[in-house]
Each structure stands twice: as structure tokens, then as C-alpha cells.
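Below is one structure, written out as C-alpha cells; the observations come after it.
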There are 2 protein chains.
Amino acid sequence: MGTSRQWTSLAKFIDTPRMADTASLSGGSLLLAWQLKDKTVLIIGGGDVASGRIESVLVADARVTLIAPSAGLHPLTKQFIEDYPDRITYHDRTFAGPSDLAGVDMVLTAIDDVDKSREICALAREHRIPINVADIPPSCDFYFGSQIRSGPLQIMISTNGQSPKLANLIRKQIERSIPDGAGEAVEKVGVLRSKLRERAPGVGGELGKRRMRWMIDVCTNWEMEDLALLDEDMMAKLLDDGWEKNRVPRLQEVGGAKRRSSTSTPKTANLWLSSAAAFVVGAACTVAVLLTGRR
Amino acid sequence: MGTSRQWTSLAKFIDTPRMADTASLSGGSLLLAWQLKDKTVLIIGGGDVASGRIESVLVADARVTLIAPSAGLHPLTKQFIEDYPDRITYHDRTFAGPSDLAGVDMVLTAIDDVDKSREICALAREHRIPINVADIPPSCDFYFGSQIRSGPLQIMISTNGQSPKLANLIRKQIERSIPDGAGEAVEKVGVLRSKLRERAPGVGGELGKRRMRWMIDVCTNWEMEDLALLDEDMMAKLLDDGWEKNRVPRLQEVGGAKRRSSTSTPKTANLWLSSAAAFVVGAACTVAVLLTGRR
């Protein structure tokens with residue numbers, strides 16, 4: 001794929017030669033997975049955009065301080081405040097000044113007041129706190145892209161501000177193409193890795209490399225929808241009969257069973273159906289021609 | 001798609017109802033598109049990982065200060081230093097102390113010395129400069145995911161550290177599924193938007209909404225591979241005969257022509273081929289059966 005422009009892969013595990021497409025090292029953003037566990041995010045505003053921000057930062061395990069007058073709260077924002085009293089500290093007022101920035105690790109504002117937004121941005125920059133101001137690009141240290149999530153699997157599509165609509169269309173395409181159970185597969189493999197580290201602990205060295213290679217073998221030998229089926233018992237068997245013996249057992253060997261619907265994909269099923277139909281039509285046409293020839 | 005877990009879409013343009021999958025608002029990261037245009041990124045280290053960091057930050061239009069002894073430079077790192085003397089300031093030495101952090105907006109270290117890495121991290125945190133230390137998660141304000149890029153279109157896959165291998169496999173799947181020319185489509189649509197803003201300037205209001213709706217119509221009515229074909233003349237016609245008349249002309253009306261290979265996708269071609277083959281086999285089998293019957 002790709003016509004005159006090559007896809008450039010910046011994979012963490014580099015297993016394909018990296019194309020130094022030096023003519024185009026420009027015009028993008030630095031895509032990052034920001035870590036907010038036990039960090040405090042200040043969200044200013046309570047409308048629709050703010051509710052989306054709350055959801056995103058809760059996913060990242062942050063503590064939220066929310067400042068917004070109760071009068072204008074979006075229903076989803078109200079729901080979050082009610083459902084997460086231990087994770088969201090809510091102040092029913094507007095932004096009060098520098099004291100609101102104490103102990104804050106990130107600021108997200110989503111309010112209509114442009115002057116207030118710029119004022120908050122200036123304060124955040126003074127305090128060297130990363131900030132995003134909805135709809136005012138120069139006041140943003142970072143942007144949000146179009147995103148999809150399934151458990152610990154998160155995918156972001158960014159067009160560097162060129163086309164939010166195309167980002168959205170591409171997101172839908174990606175949603176359709178990711179295998180069922182991908183998110184669960186990622187979660188289960190994460191658990192398996194932890195169990196393996198417990199069973200064979202130690203950082204780096206030969207053991208570390210062997211652990212990494214075995215995990216890679218499991219991920220390449222098993223279908224993603226089968227990885228999603230892993231439970232405690234299956235993982236134990238996988239380690240006993242697999243890791244301990246330096247091999248990768250099949251799903252059935254560790255007590256798993258394929259889902260009935262997964263024996264053929266819709267595409268191959270369609271191919272078989274249309275071929276079968278064409279075979280019958282070919283036979284029928286031949287008979288018809290021969291019968292016509294006899295008369 | 002999705003079995004027991006739903007895909008949650010956090011789209012910038014929210015056109016599908018957002019599922020508040022409140023049971024799982026945890027265990028992820030905050031995916032961001034960090035803006036580095038005219039910012040300075042300090043990269044410490046010159047090996048393979050460092051060369052990947054250099055590439056990523058150059059894509060984001062950053063200025064790079066690189067600190068690494070020349071003795072251990074990876075070939076790609078050397079190539080970047082040679083090719084971008086105006087964008088990379090190179091210091092042939094090791095990290096010297098706090099003075100190296102002056103004027104720096106982000107720090108990325110990729111060195112083997114664990115103690116040195118921790119020391120640099122402590123300094124960066126003191127100066128409130130975001131930092132990533134390769135392979136030492138607690139010293140990271142953010143992680144890098146598995147990424148693909150085509151021009152201004154960038155896609156990141158994050159597993160929140162659960163499985164780099166699965167992130168890689170999913171990345172390859174996404175690469176196969178994104179239409180040809182998607183990156184160019186995004187770039188061309190970005191240019192078209194700028195031209196439209198010049199032609200009908202003004203922030204927000206009715207005009208702003210009308211511009212947004214027309215751009216959405218163009219993106220939904222045209223195939224992505226056709227958007228990729230837009231040139232200056234076609235864009236002018238698209239605005240004259242489209243925007244000015246509140247409609248969206250087809251590709252041919254603005255002087256474009258579909259690429260010959262795009263009339264049928266490989267999937268439909270396969271379907272036709274296999275059906276034709278099955279038809280012939282059906283006819284041949286019928287003839288064979290009838291001939292055998294005659295003897």
C-alpha cells in the first residue's frame with residue numbers, strides 16, 4: 001500500500017527496515033502515551049468537550065479536579081461527578097486564579113470565554129504545567145486526536161489539524177479492521193507477561209531475552225481471538241507445558257476451544273458460497289445447452 | 001466487532017453516541033499529539049533507540065540538541081547529524097549537568113548508564129521539563145507507542161505497556177487496511193481547507209459552520225484515493241463550482257480522472273475470478289458425467 005508516499009513505521013520493536021524518508025521529516029506531531037497514574041489533572045469547564053476530557057483522563061487513572069459552574073453542566077459531566085466522587089473533586093464555580101494550579105500536573109480547559117482561556121494558559125505556562133485549551137491551537141502544548149479504545153489497547157489517529165473529518169473516517173475504517181477480541185488479547189497477554197516475570201524473575205540478561213522471545217513466540221503463534229480466551233488455568237498450563245519446555249502449546253493443549261464462528265472469516269465464506277453457486281450455474285447451463293442441442 | 005468489550009470512540013467530531021463504558025475507565029494512557037514546532041528537544045544518547053527519537057521529533061518540526069559521544073553513534077544517527085545541520089545541534093560528549101537543560105522543552109534519554117539516566121530524570125523533574133527515559137518506566141512522563149505515518153496522517157497504537165509485540169502486529173494490520181493515498185488525501189484536504197478559509201475568511205459564526213459542513217460533505221462524497229489526486233487547478237474548480245454553488249462536484253467535473261486500477265478492489269476481483277473458474281469447472285464436470293453416462 002501507499003502510492004507515491006511510503007508508510008514509515010516507527011515500531012518499538014523494529015523488525016522491518018526503517019525507511020529514512022528524509023524528504024518528509026516535517027509536518028507532524030509527536031504522538032505520545034502520557035502517564036497520569038496518581039497525577040492530578042485540572043479540567044476547567046463542564047460542557048460536552050469537558051465531559052470527553054474527563055473520560056479520557058479517568059481512563060489514564062488520573063485524579064481529576066473539575067472547576068465549572070453547576071448551571072452549565074453537560075449530563076455526562078454530571079454523571080461522571082456522581083459516579084466517581086473518589087476520583088473527581090468538583091468545585092461549583094469559575095477559575096479563581098493561580099491558587100487553583102497548586103499541585104496540578106496538567107490543565108485542560110474547555111470554556112467559551114476566550115480571554116479567560118488565554119489568561120489560564122499564561123498562568124499554566126508560567127508554572128510550566130502542560131496545557132490544552134479547546135479551540136485555541138496556539139495555547140495548546142498538545143492536541144487530542146481521533147481515538148478508539150478497547151481495554152488497554154488504544155489507537156489514536158492524528159492529522160496534525162489538517163482534517164478532523166478524515167481522521168474520523170479513518171478511525172471507523174480501523175475499527176472495522178481490528179480483529180474481535182484485540183483489546184482482551186492485549187489484556188490477557190499483559191497478565192501472562194506478569195506471571196512469567198514472577199515465575200522467572202530478573203531484569204535483562206539471558207533470562208530476560210528468553211522471556212521476551214517466548215512471549216513473542218506466543219503472540220505470533222496464537223490467533224488474537226484465541227489469546228483473548230486465556231484464563232488463569234490456561235495461563236498456568238501455557239507456562240508449565242510451554243515456557244518450562246521452551247515451546248508454545250496450541251490452544252487445545254492448554255484446555256481452550258476455538259469459538260465456533262471463527263473457523264472461517266466472512267470473506268472466505270463469501271468466496272466459497274459464490275464459487276459453489278457458480279459451479280451449480282455452470283453445470284445447469286451445460287445441461288441446458290446440451291438439451292437444446294438434442295432437439 | 002468487539003466481543004464482551006465495546007469499542008469506545010472518543011472522536012473529535014462526535015457523530016456516534018458515546019458509550020459511557022464506566023466499568024473500564026482505567027488502565028490506559030492519555031494519548032496526545034504533542035506540539036514541538038520551534039521547541040527544543042534534548043536527546044541524550046546516539047544509538048539505535050536515539051536515532052528513532054531523532055526521527056520522531058524532526059517529524060514534529062522540533063529543534064534537536066543531541067548529546068552523545070561520537071564513538072558510539074548508530075549509522076542512522078550519524079546520517080541525521082549530517083543531513084540536518086540546521087536542525088540538529090550536536091555535542092560530541094556525555095551529559096554535563098543542569099546547564100545542558102537550559103532552554104530545553106523536552107528531554108529524551110536513551111543511554112545504557114542507569115544511574116546517569118536516573119540523575120538526568122531527577123534534574124528534568126526539578127526543572128519541570130517532560131522526560132522519557134528509554135527502558136525505565138518510572139522515569140517516564142510519557143511512553144512512545146507503535147506508530148505509522150504517511151505525511152500529516154499519524155496513527156499510534158498503545159497497549160499501556162502490556163504487549164509491545166501485539167502493538168506491532170496490530171500496527172501491521174492497520175497498515176494493510178488503510179486505503180492507498182490516505183496520507184496524501186489528508187494533506188490535500190488540509191490545503192483545500194486553507195484555500196477555503198482564504199476565500200471565505202472569518203472565525204466561527206454562520207460562515208464558519210457553512211465552511212465546516214461543506215468540507216465534511218467533500219470528505220464524505222469523495223473517495224480517499226480521489227481526494228489524494230487534488231491539485232491546484234482541481235481545488236480552484238472545486239471551490240468555484242462547488243463552494244460558491246453550495247454543492248460538491250464529482251471528480252470528473254473538476255478535471256480529475258480515476259486511477260485505472262481502482263475500478264475494482266482486489267477482493268471483488270478475487271470473487272469474480274473464483275466464480276468464473278467454478279463456472280467452468282461446473283460445466284466441465286457436467287460434460288464429463290454425461291460422457292461417462294453415455295458409455
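In the text below, chain A, chain B and the rest are named by the order of the sequence lines, each starting its count at 1.
With contacts defined as side-chain heavy-atom distances shorter than 4.5 Å, the pair A:Leu31/B:Phe144 does not qualify. Residues B:Thr220 and A:Lys165 meet the side-chain proximity criterion, which asks for heavy atoms closer than 4.5 Å. Residues B:Met156 and A:Ile157 form no side-chain contact, since every pair of their non-hydrogen atoms from C-beta on lies 4.5 Å or further apart. A 4.5 Å side-chain heavy-atom check between A:Gln147 and B:Ser158 finds every atom pair outside the cut-off. Residues B:Pro164 and A:Met212 are not in side-chain contact: their nearest non-hydrogen atoms beyond the backbone lie 4.5 Å or more apart.
Across A:Gly190, A:Gly27, A:Ser29, A:Ala60, the residue that shares the most heavy-atom pairs under 4.5 angstrom with chain B is A:Ser29. When the candidates A:Val218, A:Ile170, A:Asn160, A:Leu36 are compared by the number of heavy-atom contacts under 4.5 Å with chain B, A:Ile170 comes out ahead. Listed options B:Ala276, B:Cys285, B:Ser275 were ranked by heavy-atom pairs under 4.5 angstrom with chain A; first place goes to B:Ser275. Chain B forms the most heavy-atom pairs under 4.5 Å with one residue out of A:Phe142, A:Phe279, A:Trp34, and that residue is A:Trp34.
Applying the side-chain hydrogen bond (donor to acceptor under 3.5 Å, both in side chains) test to A:Arg125 and every residue at least two apart in sequence or in another chain returns A:Asp141. Qualifying side chain to side chain contact (heavy atoms under 4.5 Å, CB included) partners for A:Thr286, counting only residues two or more places apart in sequence or in other chains: A:Leu290, B:Ala283, B:Thr286, B:Val287.
Both the backbone and the side chain of B:Ala185 come within less than 4.5 Å of a heavy atom in chain A. Contact annotation for B:Arg128: both backbone and side-chain heavy atoms come within less than 4.5 Å of a heavy atom of chain A. Heavy-atom distances place the side chain of B:Lys39, and not its backbone, under 4.5 Å from chain A. Contact of B:Met215 with chain A is not made at all, since no heavy-atom distance falls under 4.5 Å. Within the 4.5 angstrom heavy-atom criterion, only side-chain atoms of A:Leu227, from C-beta onward, approach chain B. For chain B, the nearby part of A:Met224 is the side chain; its heavy atoms alone come within less than 4.5 Å. Contact annotation for A:Cys219: both backbone and side-chain heavy atoms come within less than 4.5 Å of a heavy atom of chain B.
When only modelled atom types and interatomic distance are considered, A:Gln173 and B:Ser177 share no side-chain donor-acceptor pair under 3.5 Å.
Rounded to the nearest 0.5 Å, atoms OG (A:Ser26) and CG (B:Asp61) are 3.5 Å apart. Summarising the geometry, atom CZ belonging to B:Arg87 is positioned 7.0 Å from atom CG belonging to A:Leu25; distances are rounded to the nearest 0.5 Å.
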